[in-house]
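Below is one structure, written out as structure tokens, with a few remarks after it.
Just so you know, ligand 1 is whichever comes first in the structure, and atom 1 is the first atom listed for that ligand. FYI, side chains are in, hydrogens and waters are out, and symmetry mates aren't considered; it's all heavy atoms of this structure. Residue numbers start at 1 and run along the sequence shown.
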Amino acid sequence: MLDLAQRPRRNRKNAVVRAFHRETWLAPQHFVYPLFIHDGSTDVPIASMPGCSRLGHDGLLREVAAALDEGVRSIVLFPAIAEDLKSKRGDEAFNPEGLVPKTIRRLKVEWPELVVVTDVALDPYSSDGHDGIVGPDGRVLNDETVEVLCRQAVAQAEAGADIVAPSDMMDGRVGALRRALDHAGHTDVSILSYTAKYASGFYGPFRDALDSAPRFGDKKTYQMDPANAREALRELALDEAEGADLVMVKPAGPYLDVIRALREATTLPVAAYQVSGEYAMLKAAAAHGWLDERRTVTESLVAIRRAGADVIFTYFARQAARWLNEEAGRRHPTSGGSSSR
Ligand code: PBG
């Protein structure tokens with residue numbers, strides 16, 4: 001027998017003891033549910049994201065109702081825009097009768113308390129497939145883009161968006177958005193900044209979903225190099241100074257160290273985005289029977305929370321919330337339930 005004063009396994013000996021000191025909680029309230037929409041009446045499944053579709057008008061309402069039922073109370077909208085509405089400058093982005101503003105108004109009639117997050121970036125609207133305006137020499141123009149982003153965010157706020165989320169990585173956009181929103185009377189609309197958004201291969205399925213892949217080049221002059229963590233702290237300092245309300249790291253799973261670094265450096269809420277490629281990997285492996293979907297999805301989400309994220313953007317939001325509710329129901333049967341389980 002080993003002579004051990006410390007046997008950490010004693011604290012893992014059964015479920016009750018393990019529950020004493022569980023450090024990280026996952027609950028439906030932590031999730032933001034990303035939804036793809038298009039201007040149509042049918043739902044069009046996305047091949048590389050099994051379980052996700054470009055939702056039509058009715059499909060969206062059904063999906064939101066189902067998510068609310070599971071306790072997921074925030075969504076973020078990503079529009080697939082018809083090719084003939086795309087342009088070099090992406091002007092459709094601030095059309096008050098465009099797909100996103102119209103959709104927000106419809107959702108707010110149905111559920112005023114639903115928290116609607118919007119994406120502020122030009123890629124769905126750009127005939128070049130870039131997040132900003134491409135100049136004659138092929139460079140993505142910063143200040144000209146920020147002007148359009150301000151008009152886009154104000155149009156979203158007018159329609160009832162609760163939180164605008166700039167995902168474009170242009171310099172100075174948080175401060176400019178804050179001023180534009182305030183000037184238009186939207187001092188209560190929050191800014192969730194994609195503070196550290198990496199130039200990642202894990203966005204592939206998302207770009208399929210929206211037909212929004214860059215038509216040339218890549219996004220490396222605005223999105224960050226995956227090799228860099230200190231640079232994320234520089235972006236954080238700027239976003240804080242410019243008035244961000246929440247800061248985000250994206251992708252999530254491969255960047256847990258960056259989530260932790262932001263958590264330790266700021267008092268602002270930290271969000272993380274489990275992106276389309278992270279979703280696709282788990283779905284594909286589960287479909288082959290190579291991974292247990294429920295266990296690995298839950299584990300991936302707990303890991304993001306453990307790293308320090310308060311909020312998680314995830315395509316698993318509705319499904320994960322259902323699992324969590326099932327588990328809670330099993331553990332704490334309601335008074336109406338059977339006590340003789
Ligand atoms: C673009 C945007 C992207 C995502 C969210 N907003 C893609 C990109 O930057 O190319 C990716 C989300 C995902 O992969 O799930 N503004």
Side-chain angles (χ1 to χ4, degrees), residues 31-37 46-55 75-81 86 90 92-93 99-100 117-134 140 142 145-146 148-149 152-153 156 161 163-170 173-174 177 191-226 235 248-255 271-284 297 300-301 304 309 311-317:
F31 301 142
V32 176
Y33 192 15
L35 296 171
F36 299 107
I37 53 174
I46 299 162
S48 50
M49 300 180 71
C52 296
S53 296
R54 285 185 191 180
L55 298 168
I75 61 160
V76 55
L77 295 172
F78 292 105
I81 299 296
K86 297 187 183 183
E92 178 64 13
L99 178 59
V100 168
V117 182
T118 51
D119 191 56
V120 179
L122 300 186
D123 49 316
Y125 309 93
S126 155
S127 44
D128 295 314
H130 275 285
D131 289 25
I133 299 169
V134 180
V140 174
N142 194 87
T145 296
V146 171
V148 182
L149 297 177
Q152 179 181 26
Q156 294 166 344
I163 301 178
V164 298
S167 67
D168 55 289
M169 292 301 280
M170 297 300 126
R173 90 276 207 217
V174 171
L177 288 177
I191 299 177
L192 185 160
S193 175
Y194 286 63
T195 295
K197 176 171 178 181
Y198 288 89
S200 170
F202 289 103
Y203 307 148
F206 176 96
R207 294 177 188 173
D208 294 345
L210 297 186
D211 277 333
S212 64
R215 303 293 146 93
F216 57 86
D218 52 42
K219 299 192 175 185
K220 291 180 185 169
T221 68
Y222 42 107
Q223 299 181 349
M224 285 172 51
D225 183 342
E235 291 283 359
M248 184 147 77
V249 176
K250 172 181 179 184
Y255 296 85
Y273 198 139
Q274 183 181 53
V275 300
S276 56
E278 300 177 76
Y279 177 84
M281 287 195 297
L282 288 164
K283 278 291 193 186
V297 168
S300 71
L301 296 169
I304 294 165
V311 182
I312 307 177
F313 284 52
T314 175
Y315 301 97
F316 289 113

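Within the structure, the salt bridge (Lys or Arg N to Asp or Glu O under 4.0 Å) test picks out the following pairs touching residues 201-212 (sequence neighbours left out): Arg54-Asp211.
In the vicinity of Ala121, heavy-atom distances shorter than 4.0 Å reach the ligand 1 atoms 16 (N). The atoms of ligand 1 that sit less than 4.0 Å from any heavy atom of Asp131 are 1 (C), 16 (N). The atoms of ligand 1 that sit less than 4.0 Å from any heavy atom of Lys219 are 8 (C), 9 (O), 10 (O).
Relative to the six-membered ring of Tyr194, Lys197 meets both conditions, a distance below 6.0 Å and an angle of at most 45° to the axis. A cation-pi geometry, defined here as NZ or CZ lying under 6.0 Å from the six-membered ring centre and within 45° of its normal, holds between Lys250 and Tyr203.
Distances from atom 3 (C) of ligand 1 to the heavy atoms of Tyr203, Tyr279, Phe206 show the closest one on Phe206. Of the candidates Asp218, Asp123, Leu210, Asp168, it is Asp123 that places a heavy atom closest to atom 1 (C) of ligand 1.
Residue-ligand proximity: Lys250 is placed with a non-hydrogen atom under 4.0 Å from ligand 1. The shortest heavy-atom distance from Tyr315 to ligand 1 is under 4.0 Å. Glu278 does not count as a contact of ligand 1, since none of its heavy atoms falls under 4.0 Å from the ligand.
Tyr198 places no side-chain N or O within donor-acceptor distance of the main-chain N or O of Pro251, the cut-off being under 3.5 Å. In this structure a side-chain-to-backbone donor-acceptor pair under 3.5 Å is missing from Gln156 to Val117.
Of all the heavy atoms of Ser276, the ones lying under 4.0 Å from any atom of ligand 1 are found in both the backbone and the side chain. With a heavy-atom cut-off of 4.0 Å, Asp119 touches ligand 1 through its side chain alone.
Here the heavy atom of the protein found nearest to atom 2 (C) of ligand 1 is Lys197 NZ, 3.2 Å. The protein non-hydrogen atom at the shortest distance from atom 16 (N) of ligand 1 is Ser167 OG, 2.8 Å.
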| task | Show your reasoning for whether side chain to side chain donor-acceptor pair (under 3.5 Å) applies to Ser200 and Gln223. | result | CA-CA 8 Å; Ser200 170; Gln223 299 181 349; over 6 Å; no
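At a threshold of 4.5 Å between non-hydrogen side-chain atoms, the residues Phe31 and Phe316 do not count as touching.
The side chain to side chain donor-acceptor pair (under 3.5 Å) search around Glu278 returns none, not counting sequence neighbours.
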